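Structure record follows, encoded as structure tokens.
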Amino acid sequence: MTDSTPLFQPLTLGALTLPNRLVMAPLTRNRALDGNVPGPLTVTYYTQRASAGLIITEASPICPEGHGYPRTPGIHSAEQIAGWRAVTDSVHAAGGRIFMQLWHVGRISHPSLQPGGAAPVAPSALKPAGQVWTGSGLEDYVMPRALARDEFPAIVEAYRQAAINARDAGFDGVEVHGANGYLLDQFLRSSTNLRDDDYGGSLQNRARPLLEVVGAVTSVFGGDRVGVRLSPENRFNDISDADPQTTFTYVAVALRPFNLAYLHVLEGDMTGQPVTTPFDYPALKTAFGGCYMANCGYDRSRALAAVADGQADLIAFGRAFIANPDLPARLKADAPLTEADPKTFYSGEAHGYIDYPTLGAV
Ligand code: 8OZ
């Protein structure tokens, strides 16, 4: 390998120049303090990973109703904005760049995690299969309340306000979480959207909420500081689509006019169920036409090949960044990687969060 290997070369991404093509994927870590405020451990965690070409934060709820997991840091209160400001200042001082992932879980929640113990909201009253971790135990998902048509403008407004809050907190940009079975994906994919108004039925209607949110967020940051994450095949959170290739090609083309910083695609199915119809990711990349970020179990050799062959412009790493704060240096040196410990993904405070060693310290 030479120094010109594109994976380790800078890339102009919208308004930013990244020093390499290695992105820290959004990773839920459940370490927020009371009030779902990111604390000092979170400052250390992200700062340790500032050598990433770009950090994308863990999914961060835009409003109280957007929460579905305990101790996930939000971006809807003054305390949360101040907590995140400490993160962005520290990452920037360490030479890094950081986007915030904006999140609304929709039906993937539980009354115990909702304001006033209310039912979670969703496009349609369809209960997800499975169970939710409430912080004190596992509970079955409940029947969500179908949103009335006139409630959605307030959700778009919450995304717009969250983008303003993220800007005030010092983020370089934001990523709209349109993936993994959460609210915007629940509208988009056919299995979870049975509406008969202009937010359901046709593909154009199912995509409308996502596109309205992208419109609101780009009005705050400008398209060149906004990314969108999609997961065409992912059945995580009990979701599916009757025709993923058609659905996601439509979305990719509809996103073109926003001149986004990137499209971030989770290329696979987190549930591990057998794939029935293979999805054509290169076709999705072509349909979008802009910067394409690939994610899903990439290792060093696949990442090198994908970027060198033009199949992806950026590669997002999840587990590898959890366990290797200095991942770009390690991959460049072809040094061994530390294995991540799944027992501390969603709990453990400092352990498994900020105590993974850098190369010299292994
Ligand atoms: C795993 C556990 C909890 C949340 C996602 C935000 O899938 C998540 C998530 C993943 O995008």
Side-chain angles (χ1 to χ4, degrees), residues 23-32 36 38 42 45-46 55-63 65-76 80 99-110 112-114 120 122 128-135 137-139 141 159 162 166 174-189 192 210 213 227-241 248 262-273 293-297 316-323 340-348 352-353:
V23 175
M24 180 176 169
L27 294 158
T28 291
R29 303 304 311 274
N30 307 81
R31 260 73 167 190
N36 293 315
T42 301
Y45 165 73
Y46 284 112
I55 294 171
I56 305 168
T57 69
E58 61 211 277
S60 302
I62 58 155
C63 59
E65 296 78 10
H67 285 261
Y69 300 80
R71 300 188 61 184
T72 48
I75 188 66
H76 49 85
Q80 291 164 354
F99 274 32
M100 163 165 276
Q101 194 191 50
L102 300 180
W103 194 26
H104 191 309
V105 296
R107 67 181 189 153
I108 303 301
S109 188
H110 186 266
S112 64
L113 298 163
Q114 289 288 311
Q131 293 194 307
V132 47
W133 172 251
T134 63
L138 285 169
E139 302 268 358
Y141 284 113
Y159 272 97
V174 290
E175 175 175 290
V176 174
H177 195 346
N180 299 354
Y182 300 109
L183 182 68
L184 298 174
D185 204 21
Q186 290 160 27
F187 275 99
L188 187 55
R189 287 202 262 177
T192 41
L210 172 69
V213 165
V228 171
R229 193 177 210 216
L230 302 173
S231 58
E233 287 181 287
N234 198 4
R235 281 171 280 187
F236 181 56
N237 287 325
D238 191 23
I239 199 164
S240 63
D241 191 79
F248 287 89
Y262 62 83
L263 180 66
H264 181 183
V265 182
L266 190 144
E267 298 175 331
D269 183 353
M270 286 158 68
T271 69
Q273 297 173 66
M293 183 189 298
N295 169 247
C296 204
F317 291 86
R319 286 172 178 236
F321 253 118
I322 288 179
D341 177 6
K343 290 196 294 298
T344 54
F345 283 176
Y346 308 116
S347 66
Y353 193 45

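No experiment lies behind these values; they were computed from the predicted model shown. Remember, it's 1-based here, ligands and their atoms both numbered in the order they're listed.
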Problem - By side-chain hydrogen bond (donor to acceptor under 3.5 Å, both in side chains) - contacts of His177 (at least two apart) - result: none
Practice task
Apply side chain to side chain contact (heavy atoms under 4.5 Å, CB included) to Met293 and Ile56, showing your working.
Solution key: CA-CA 12 Å; Met293 183 189 298; Ile56 305 168; 3.9 Å; yes
Problem - Pair His67 and His110, ring centroids less than 6.0 Å apart - result: no
Practice task
Among Gln273, Met270, Arg189, find the residue that satisfies the side-chain contact (heavy atoms from CB on, under 4.5 Å) test when tested with Arg235.
Solution key: Gln273
Inventory of protein N or O atoms under 3.5 Å from ligand 1 N or O:
{"residue": "ligand 1", "atom": "7 (O)", "partner": "Asn180", "partner atom": "ND2", "Å": "2.9"}
{"residue": "ligand 1", "atom": "11 (O)", "partner": "His177", "partner atom": "NE2", "Å": "2.7"}
{"residue": "ligand 1", "atom": "11 (O)", "partner": "Asn180", "partner atom": "ND2", "Å": "2.9"}

Exercise for the section: Decide if the gap between the ring center of Tyr69 and the ring center of Trp103 is smaller than 6.0 angstrom. Expected result: yes
Handout entry: Aromatic plane relationship, Tyr45 with Tyr353 - under 30° parallel, 30 to 60° tilted, over 60° perpendicular
Key = parallel
